[in-house]
Number of protein chains: 2
Amino acid sequence: MSTPQPLLILTPDDLLAERWRALSSSPIRATELSGLDTWRKAGHRLVVVDLGGYPPAAPPLWTQDAWQNNAADLAILATSSRPDDEEGLAALNAGACGYCHSHAPIDTLRQALEVIAGGELWVGRALLSRLLRLVDSRLPRAGLADWARPLTEREREVAHHAALGESNVAIADALGITERTVKAHLKAVFEKLQVADRLQLALRVHGVR
Amino acid sequence: MSTPQPLLILTPDDLLAERWRALSSSPIRATELSGLDTWRKAGHRLVVVDLGGYPPAAPPLWTQDAWQNNAADLAILATSSRPDDEEGLAALNAGACGYCHSHAPIDTLRQALEVIAGGELWVGRALLSRLLRLVDSRLPRAGLADWARPLTEREREVAHHAALGESNVAIADALGITERTVKAHLKAVFEKLQVADRLQLALRVHGVR
DNA sequence: ACGCGACCTGTCCTTGTGGACAATGGCGGC
DNA sequence: GCCGCCATTGTCCACAAGGACAGGTCGCGT
């Protein structure tokens, strides 16, 4: 099922444009940001744009006039080949309705377009979960109970300390046991959670893919 | 287009269940939270649940065992007839993959289910835009890529790799430089960001206090 | 031309980490 | 009583990480 609405593909990158052609039955291609003007005036809404397609030296697309003047009336899916939380937030705050990877699976892009065409917002899993964590300072433990599930009580404690960056000695000290014991617990934790080291453990515990 | 995957409808409210029946070709209905157990064990993933369907006096669904034990393996769309930011955040943090109004248009619900079935997260426009504004205003510059500001371009790259848990050799390999150089960059990063080691760096980069 | 900063590389060296062998005592289920 | 799981501690060892010296090139601005 392809997007029923007319779609504007906005990127100077020919390869990307070719790839995106599958997003709609008959997409229109533009390479200049000014294409947004004519698109809006033609009464259309749906746009997919590659933020990273222009020289890094240039000012971000969303700060330019053509964007500012039209974003409110359009449904813009902003994409980047090197996604970055900061960039995504900026684009969304500047009126974009979605943000994801330029080379995301074509089905994902299509889904994102359908979502923003329906008036909703689209934010990729990574950025969204990051946002949730940022806003919600309180319940870090409730939802993360899943990583702790296979662990014993003691292992949980050790893992928790280790995930905050404490050294083995510090953990041993805090729990009143030997460093050797901490190592033993951590070994078990690594095995049960299928991680290689304490850094991977920290990422898992704090919900980073 | 209805959801191809089997769907579990979880609510004690008969009217709501009837309404939701259109979400899938042959949905399964359950009224007790324990239905999550059997659903997961049957190898299914997709669930839509009404958070508000139970007595207000009862503890929130997401704090109960049946939820905690199964949320990680399921794709749960939580809904509420009286949506509330706090509730939504709590549910999402407890492992729900989406949050919206119980009586949202059936097409919207269907779209939300498709999205979470695809492994993404779904947050309605209202809550999401509030989130964005919150993040934008409350942490304007303590924001996301704040850590990267004092760093040079190369240091940023190295720091980014290191924060994902890659070893010095792996980073060197990825960037086409020597391990020694990676160490040099990391030393500069540690100094500039005032952190002791790569784990603290990872925590900083991923926004853990 | 000179200084400065970014980037890159080299050789020690100390310490932390994690794995590979162990062992001991307690406690609950069959 | 035996078996399995948990918690605890021991030694030895290979290796990664990070600090402390060192050095080099390149480009850019004064």
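All chains are named by letter (A, B, ...) in the order of the sequence lines, taking the proteins before the strands, and each is independently numbered beginning at 1.
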| task | Tell me which of Val182(B) and Ala196(A) sits closer to the 5' end of DNA chain C, going by the nucleotide each one is nearest to. | result |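 It is Val182(B) whose nearest nucleotide is closer to the 5' end.
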| query | Quick one: on DNA chain C, does Leu175(B) or Glu166(A) contact a more 5' nucleotide (nearest heavy atom)? | reply |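 Per heavy-atom nearest nucleotide, the more 5' residue is Leu175(B).
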[X] vs [Y] side-chain heavy atoms within contact, under 4.5 Å:
X: Val115(B); Y: Val115(A); answer: yes
X: Leu8(B); Y: Leu74(B); answer: no
X: Arg40(B); Y: Val47(B); answer: no

| Pairwise 5' ranking along DNA chain D for Lys192(A) and Thr181(A), keeping only the more 5' one |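 Of the two residues, Lys192(A) wins.
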Nucleotide [N], atom [atom2] - distance to [atom1] of [X] in whole Å:
X: Lys183(A); N: dG16(C); atom1: NZ; atom2: P; value: 10 Å
X: Leu186(B); N: dA16(D); atom1: CG; atom2: P; value: 15 Å
X: Glu157(A); N: dA7(D); atom1: CD; atom2: C1'; value: 12 Å
X: Leu199(B); N: dA16(D); atom1: CG; atom2: C1'; value: 14 Å
X: Leu151(B); N: dA6(C); atom1: CG; atom2: P; value: 11 Å
X: Glu191(A); N: dA20(C); atom1: CD; atom2: C1'; value: 12 Å
X: His185(B); N: dG5(C); atom1: NE2; atom2: C1'; value: 13 Å
X: Arg180(B); N: dT9(C); atom1: CZ; atom2: C1'; value: 7 Å

Can you figure out which of [options] approaches the side chain of [X] most closely?
X: Lys187(A); options: dA7(D), dC8(C), dA20(C); value: dA20(C)
X: Thr178(B); options: dG18(D), dA7(D), dT9(C); value: dT9(C)
X: Phe190(B); options: dG10(C), dT11(D), dG19(D); value: dG19(D)
X: Glu179(A); options: dT17(C), dG19(D), dT11(D); value: dT17(C)
X: Asp197(A); options: dG18(C), dA7(D), dG18(D); value: dG18(C)

| task | Have a look at the helix from dA1(C)-dT30(D) to dC30(C)-dG1(D) and give the angle its two end axes make, five pairs each, rounded to 10 degrees. | result |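 One end axis against the other gives 30°.
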| query | Do any N or O atoms from the side chain of Arg21(B) and from the backbone of Leu16(B) form a donor-acceptor pair under 3.5 angstrom? | reply |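 No, Arg21(B) side chain to Leu16(B) backbone: no donor-acceptor pair under 3.5 Å.
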Would you tell me if any nitrogen or oxygen in the side chain of [X] comes within less than 4.0 Å of OP1 or OP2 on [N]?
X: Asn168(B); N: dA17(D); answer: yes
X: Arg198(A); N: dG18(C); answer: yes
X: Thr152(A); N: dA7(D); answer: yes

Base, sugar-phosphate, or nothing: which does [X] touch, judged by heavy atoms less than 4.0 Å apart?
X: Arg154(A); result: sugar-phosphate
X: Ser167(A); result: sugar-phosphate
X: Ala188(A); result: nothing

| task | Check step by step if salt bridge (Lys or Arg N to Asp or Glu O under 4.0 Å) holds for Asp14(B) and Arg29(B). | result | CA-CA 10 Å; Asp14(B) 290 336; Arg29(B) 162 83 187 279; 3.0 Å; yes
| message | Is it the case that the side chains of Asn168(A) and Arg180(A) hold a donor-acceptor pair, with the cut-off being a distance below 3.5 Å and no angle test? | response |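 Checked: Arg180(A)/Asn168(A) side chains show no N/O donor-acceptor pair below 3.5 Å.
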| How long is the gap from OG on Ser34(B) to CG on Asn70(B), to the nearest 0.5 Å? |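 The distance works out to 10.0 Å.
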| task | Report the C-alpha distance between Leu36(B) and Leu10(B) in whole Å, list the side-chain angles of each, state the deciding distance to 0.1 Å, and finish with yes or no for side-chain contact (heavy atoms from CB on, under 4.5 Å). | result | CA-CA 9 Å; Leu36(B) 292 177; Leu10(B) 182 53; 4.0 Å; yes
